[in-house]
Each structure stands twice: as C-alpha cells, then as structure tokens.
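For the single chain, residues carry numbers from 1 onward in sequence order.
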Amino acid sequence: MNLMSVGDMAQAYQMRRQNVQLKERMTQLSEELTTGVKANLSEALSGDFVALSGIDRSLKTLESYGTATSEAALFTATMQNALGAAGDMTGEMGASLLSAATTTSPAQLRTATADARERFLGVVSTLNVQVGERYVFAGKTSDVRPFASGEEMLAALATASAGAVSATDLVAAVDAWFDVPAGAGGFLDTGYLGSDEALAPFRLGADESAELGVTGADPAIRDLLKGLALAALVSEGALAGSNEERARVARVAGERVLGAEGSLAILRARVGAVEGHIDQAAVRNAAETSALGIARNEMVGAEPYATASALEAVTTQMETLYTLTARLSRLSFAEYL
C-alpha cells in the first residue's frame, strides 16, 4: 500500500488556510444571524435579482403612499376637530338668543348678544387652524390664512349695515355681505381670504385618491358665521334706539344658528366619510406592505435556527482545529526520543 505524507511546512500552510476559511464562514454566519439577511444574495437568488428589485420598488412606492396617507389623515382630522370645536362653541347659542329675544329685559339681550360676539370671534379663530404650515380651510392656497380676524369682519359688516334702521334692514345687509359673489366687496373678498378651489385630492394609492372638497367658503360655515355675526352687531350697538328691533335681530340670529347646526353636522359627515376612505386605504397599504415584506424575507432572509446551528458547527470546527494545531506543534524528534 502506498502512503503519502505531508511535510511540516505544507501542513502548517494547510492549517492556516483552513483557519482563514472557518473565520470567514463564522463572520458570514454571525452577520446573517445579526441582520437576518443572507450575506451572499447573489448565491441565494441564483443571480436573478428581478423579483427582488420589483418587491423593493413596490415597497418604496408604498412607503411614499404611507406618508401621503398619514398627512391626509392628519389634515382631515384637524378639519374635523375644528368643525367639532366650532359646533361645541355654538351648541346652545341659538337657544340662548331665542330665549333673550322673547324677554323684555335689555340686560338679558345684552348678555346673550355679547356672548354671541365672543363666540363669533372664537369660531373664526378656530377655523383659522393650520397643520404642518398648511391652513386646512384655505382650499388650494393652503399657505394663506383663510379668514380675516373676527374684529375685521365685524368692522366690515358694521360699515355694510350702517344705514340699517330696522331689524329687516340689518338682516338684509348682513345676508348681502355674506352672499354676494367675489368682487362685490363682501365675505368672499374681505372675510374669506382663501381660494374658491378646494385642495387637490389626496393620493392614497396607485389608482386611489380622496377628495375633500371643503373650504372656508362652504355654505354651512357661512350660515353659522352669519347667525353669530347678526347677534354680534347688536352687541356692538346696532339699532341702539329700539330694544324691540334688537330683539327681532336676536331672534333671527338664534334661528340662523340653530339652522346652521344641521348644516354643520352634514359637513362634518362629509369630512368623516373622507376620513373613513383614508383609513381604509391606510389599512390596505399596510397589509400590502406586510405581504411584500414577508415575500422579500423569504427570498433574502436567513433562517435563525439553521443559521445558529451552522454557526455552532463552525465554532466546533474552529475549536477542533485549534486543538489539533496545538498538539501538532508539540511533536518533535527530541520528544519522541
């Protein structure tokens, strides 16, 4: 039988090479165990990266839609909260004005109309809300504050109704100021400063969008402001010579505020429907992202148990190699003798 021997130098070289290979394998397995991703993607995918590239592209697209959906949800939620706050501020105002209009007490009328004035200012301030430096009721020009201040609007209304000598005259002047088209010097010129075009639809997916279509010029908002403004003008001294005429204005104002509550509820329902659409899109995008993530992990992921077992095996091989190296290094002719 022929035997082949390996010289000491060759044996030492062979040991070093095995040591390097085992260290490289250990480093690779440690990286895979830590990151959960196979270190050699080319080998794992057999050199075909088309499917992985498609998944990565879809995930990036969904990430951008996720950002847009989150912004849309925040925008609509802010609008809904502002409308809710406006409704809360005026919830009992209509009944209060009607009650004051039926009494003969000037003091009660003054109290109710003064309260209406403060709530008018509060509603205007609330509707000037912004999120992310965008005014939610300004329509397309979301960088522009949608409403003039409450004091500025009341000053404009006082000028427009300066010739009123009766409740009928005052109500007609206020209605005209709020209802005239843009360019006539009314609400759409000096009260509402935003765009008459609604904000562009929110993109929620490749073939999906949500259109809000609400601005500060919406009739429901105008009706609410109109009712409060009537009472506020009485508080500021309109028709000061006749308590009876002032009471008539308060009654009309109370009826307008009560009527606006229904319109405001419908407007909030419209915004709520858009919120629901956005939430559904967010859920679908999240589900698709999760599915793609699972598919990607199946392609490039390193199975933890198998990787840990392989790492343990390599560690044992390293320890065995070190043991053999130590024993071989002690062999010598002198020790043999």
*Which side-chain hydrogen bond (donor to acceptor under 3.5 Å, both in side chains) pairs, counting each pair once, include a residue from residues 227-238, with sequence neighbours left out?*
Arg117-Glu236
What's the spacing between [X] [atom1] and [Y] [atom2] if we round to 0.5 Å?
X: Leu228; Y: Leu121; atom1: CG; atom2: CG; result: 9.5 Å
X: Asn243; Y: Arg110; atom1: CG; atom2: CZ; result: 8.5 Å
X: Met89; Y: Asp115; atom1: CE; atom2: CG; result: 11.5 Å
X: Leu239; Y: Ser166; atom1: CG; atom2: OG; result: 7.0 Å
X: Thr289; Y: Glu63; atom1: OG1; atom2: CD; result: 9.0 Å
X: Leu230; Y: Arg246; atom1: CG; atom2: CZ; result: 13.0 Å

[X] (side chain) donor-acceptor with [Y] (main chain) under 3.5 angstrom:
X: Arg134; Y: Ser142; value: no
X: Thr111; Y: Ala107; value: yes
X: Ser96; Y: Glu92; value: no
X: Arg222; Y: Leu224; value: no
X: Ser161; Y: Ala164; value: no

Over all atoms of both residues, closest heavy-atom pair of [X] and [Y]:
X: Val274; Y: Ala210; value: CG1-CB, 4.1 Å
X: Ala198; Y: Thr215; value: CA-CG2, 3.8 Å
X: Met153; Y: Ala148; value: CE-O, 3.5 Å
X: Leu193; Y: Val144; value: O-CG1, 3.7 Å
X: Ala253; Y: Gly227; value: CB-O, 3.3 Å
X: Leu258; Y: Ala95; value: CD2-N, 4.1 Å

*Might you work through the side chain to side chain contact (heavy atoms under 4.5 Å, CB included) test for Thr103 and Leu109, ending with a clear yes or no?*
CA-CA 8 Å; Thr103 68; Leu109 184 61; 5.8 Å; no
*Looking at Glu244 and Arg248, does any basic side-chain N land under 4.0 Å from a carboxylate oxygen?*
yes
With a 4.5 Å limit on heavy-atom distance, are the side chains of [X] and [Y] in contact?
X: Leu233; Y: Val249; value: no
X: Pro146; Y: Asn128; value: yes
X: Leu204; Y: His277; value: yes
X: Ser99; Y: Gln108; value: yes

*Tyr135: what forms a ring-ring contact (aromatic ring centres under 6.0 Å, His included) with it, not counting sequence neighbours?*
none
_Residues in ring-ring contact (aromatic ring centres under 6.0 Å, His included) contact with Phe120, at least two apart in sequence or another chain_ = none
Which pairs of donor and acceptor atoms, one on a side chain in residues 262-271, lie under 3.5 Å apart (sequence neighbours left out)?
unit_1	atom_1	unit_2	atom_2	d
Arg268	NE	Gln80	OE1	2.9
Arg270	NH1	Asp218	OD2	3.2
Arg270	NH2	Gly213	O	3.2

Let me check something: any side-chain donor-acceptor pairs from residues 177-192 under 3.5 Å, sequence neighbours excluded? List them with distances.
unit_1	atom_1	unit_2	atom_2	d
Asp179	OD1	Lys226	NZ	3.1
Asp179	OD2	Lys226	NZ	3.2
Asp189	OD1	Gly183	N	2.9
Asp189	OD2	Gly183	N	2.8
Asp189	OD2	Ala184	N	3.1
Asp189	OD2	Gly185	N	2.7
Thr190	OG1	Gly186	O	3.1
Tyr192	OH	Phe137	O	3.3
Tyr192	OH	Ser195	N	3.4
Tyr192	OH	Ser195	O	2.7

*List in chain and number order the residues that pass side-chain contact (heavy atoms from CB on, under 4.5 Å) with Ala287, two or more places apart in sequence or in another chain; answer none if no residue qualifies.*
none
Please tell me whether [X] and [Y] are part of a single hydrophobic cluster in this structure, the criterion being side-chain heavy atoms less than 4.5 Å apart.
X: Leu62; Y: Phe202; answer: no
X: Leu98; Y: Val252; answer: no
X: Ile221; Y: Val131; answer: yes

_Before you tell me yes or no, could you show the steps for Val136 and Gln130 under side chain to side chain contact (heavy atoms under 4.5 Å, CB included), namely the whole-Å CA-CA distance, both residues' side-chain angles and the distance that decides it to 0.1 Å?_
CA-CA 6 Å; Val136 300; Gln130 62 182 140; over 6 Å; no
*Before giving the answer on side chain to side chain contact (heavy atoms under 4.5 Å, CB included), spell out for Ile278 and Phe75 the whole-Å C-alpha distance, their side-chain angles and the decisive distance to 0.1 Å.*
CA-CA 11 Å; Ile278 293 171; Phe75 193 94; over 6 Å; no
*Out of Leu97, Leu225, Val171, which one pairs with Arg256 under the side chain to side chain contact (heavy atoms under 4.5 Å, CB included) rule?*
Val171
